[in-house]
Amino acid sequence: QACSWFVQSNHPDLMMVRPKNMEKENAAAISDEQPKKEKSSSQEIRLEQIQALITFASIGSHRGKRKVILLYPVETLNIYAANALLKILEEPPSQIIFILLSHHIERVLPTILSRCQQLRLAMPNQQQALEWLNSKNIGNALETLSYAGGSPLQALAASQDENNRYIYQ
């Protein structure tokens, strides 16, 4: 049941916090629809989202176990959101696991980093990345991967971006 909830982006004990423009991209990827362009689509994590995170963290777990908050990319927090997040990281609620992801850790506030355990994960090698991109039916996978600096996730996102498509075709 938990897997079904996760696939439907409806798990009661999981909260994903990301910029609004990424939420629309992810929803389109799941439903195979093109994201609708909106002027209010933010490229940063905003204070309202962190306030919702705090509310989520204060409510008990649906299944009586731990809750998970996945926040990414951390470097997109605006200053107000970063300060609000810092307060909850200083005294985290019990039974909550925070997972903060960053591609540019040098852009994350040192006060946030000081409250986190850091795990550095390497990107897959070129062969693994190309195999994965080919499984996603990405045309010109090698060129797309090179353009994305070797990051397969960024290559996938770039290949699906209407503004970048002409580069690879």
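Just the heavy atoms: all of them, side chains too, but no hydrogens, waters or symmetry mates, feed the values below. Note that the numbering runs from 1 along the sequence shown for the chain.
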Looking only at heavy atoms, the pair that brings Arg18 and Gln49 closest together is O-NE2, 2.7 Å
Please examine the side chains of Ile50 and Ile54, heavy atoms only from C-beta on, and report whether any two atoms are closer than 4.5 Å. yes
Spell out, yes or no, whether Leu133 and Leu153 are grouped together once hydrophobic residues are joined by side-chain heavy atoms under 4.5 Å, including indirect joins. yes
Here the pair of heavy atoms bringing Ala141 nearest to Asn134 is CB-OD1, 3.5 Å
If you group Ile, Leu, Val, Met, Phe, Trp and Tyr by side-chain heavy-atom gaps below 4.5 Å, do Ile99 and Ile45 land in one group? no
Given the rule in the side-chain contact (heavy atoms from CB on, under 4.5 Å) test, do Arg115 and Leu86 qualify, once you have shown the distances and angles that lead to the verdict? CA-CA 8 Å; Arg115 287 159 178 80; Leu86 188 58; 3.6 Å; yes
Apply the test side-chain contact (heavy atoms from CB on, under 4.5 Å) to residues Leu47 and Gln51: give CA-CA distance (whole Å), side-chain angles for both, the deciding distance (0.1 Å), then the verdict. CA-CA 6 Å; Leu47 177 60; Gln51 289 170 334; 3.8 Å; yes
Check: Lys67 side chain, Ile59 main-chain N or O, donor-acceptor pair, under 3.5 Å: yes
Can Tyr72 be reached from Phe56 by stepping across I, L, V, M, F, W or Y side chains whose heavy atoms are under 4.5 Å apart? no
Check whether Ser151 reaches the backbone of Ala148 with its side chain - one donor and one acceptor, N or O, closer than 3.5 Å. no
Exercise: do Glu44 and Thr76 side chains pair donor with acceptor under 3.5 Å: no
Closest non-hydrogen atom pair, Glu75 against Ser102: OE1-OG, 2.5 Å
In Å and rounded to the nearest 0.5 Å, what is the CZ to CD1 distance from Arg66 to Ile97? 5.0 Å
Start with the C-alpha gap between Gln126 and Leu142, add the side-chain angles, then the distance that decides, and say whether side-chain contact (heavy atoms from CB on, under 4.5 Å) holds. CA-CA 9 Å; Gln126 186 179 43; Leu142 180 59; 3.1 Å; yes
With the side chain counted from C-beta on, respond yes when Leu70 and Phe98 share a heavy-atom pair under 4.5 Å apart, and no when they do not. no
Gap between atom NE2 of His103 and atom CD of Gln154 - 0.5 Å precision: 6.0 Å
How close do Ala57 and Ile69 get, heavy atom to heavy atom, and via which atoms? CB-CD1, 4.2 Å
dist Cys116:SG -> Ile105:CD1 (nearest 0.5 Å) comes out at 8.5 Å
Minimum heavy-atom separation for Gln43 to Pro19, with atom names? C-CB, 3.6 Å
Would a 4.5 Å heavy-atom cut-off, applied to side chains only, mark Asn83 and Lys87 as touching? no
Would you say Ile88 and Pro93 make side-chain contact, with heavy atoms under 4.5 Å? yes
Met16 with Leu100, same ILVMFWY side-chain cluster at under 4.5 Å: no
Please determine whether the number of non-hydrogen atoms from other residues, nucleotides or ligands lying under 6.0 Å from atom CD of Gln127 exceeds 12. no
Donor-acceptor pair, side chain of His11 and main chain of Asp13, under 3.5 angstrom: yes
Just how far is it from atom CG of Leu77 to atom CG of Leu71, taken to the nearest 0.5 Å? 5.5 Å
Going hydrophobic residue to hydrophobic residue with side-chain gaps under 4.5 angstrom, can you get from Leu89 over to Val74? yes
Rounded distance [0.5 Å steps], CG in Leu119 versus CD in Gln117: 5.5 Å
Measuring from Asn125:CG to Glu131:CD, what's the distance to the nearest 0.5 Å? 8.0 Å
Run the numbers on Gln118 and Leu113 for side-chain contact (heavy atoms from CB on, under 4.5 Å), then give the verdict. CA-CA 8 Å; Gln118 294 182 35; Leu113 290 177; 4.0 Å; yes
Report the residue from Ile96, Val68, Thr55, Leu53 that forms a side chain to side chain contact (heavy atoms under 4.5 Å, CB included) with Met15. Leu53
Minimum heavy-atom separation for Ser159 and Ile138, please, with both atom names. OG-CD1, 3.2 Å
